[in-house]
Trainee: 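I have a structure here, written as structure tokens, and I will follow up with some questions on it.
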Amino acid sequence: MKLLTIKVPDPLYAEISAEAAARKVSRSEIARQRLASPSTPKGESLWDKMKDLVVHEDNLPKDLSSNRKHMKGYGQSRAHR
């Protein structure tokens, strides 16, 4: 098994530590389980989590992904525009 060291926020560390203590397993075991099958709280689907990021209006150009004129200036810093 390979070793992976990561930094996690204090609240997440506390949550993992508490779960490990309650189940009497190591924190590493909890982290492996969470990485292997991430849970969705309250039955939330990925769509439910991301639907606020979806643009619902049809006022975008129909050729946004294929017309090169929409890419003019993309990748340049704002100071050069």
Trainee: Taking Ile6 as the starting point, is it possible to reach Ile16 by hopping between hydrophobic residues whose side chains are less than 4.5 Å apart?
Mentor: yes
Trainee: Should the heavy atoms of other residues, nucleotides or ligands under 6.0 Å from CG of Asp10 be counted, would the total exceed 12?
Mentor: no
Trainee: Any non-hydrogen side-chain atom of Arg27 less than 4.5 Å from a side-chain atom of Arg32?
Mentor: no
Trainee: Rounded to the nearest 0.5 Å, what separation is found between the CZ atom of Arg23 and the CD atom of Gln33?
Mentor: 4.5 Å
Trainee: Charged N to carboxylate O below 4.0 Å: is that the case for Glu15 and Arg34?
Mentor: yes
Trainee: Working to the nearest 0.5 Å, report the span between CG of Asp52 and CE of Met50.
Mentor: 8.5 Å
Trainee: Is Leu35 reachable from Tyr13 through a run of hydrophobic residues whose side-chain heavy atoms are each under 4.5 Å from the next?
Mentor: no
Trainee: Looking only at side chains, do Ser66 and Asp63 share a donor and an acceptor under 3.5 Å apart?
Mentor: no
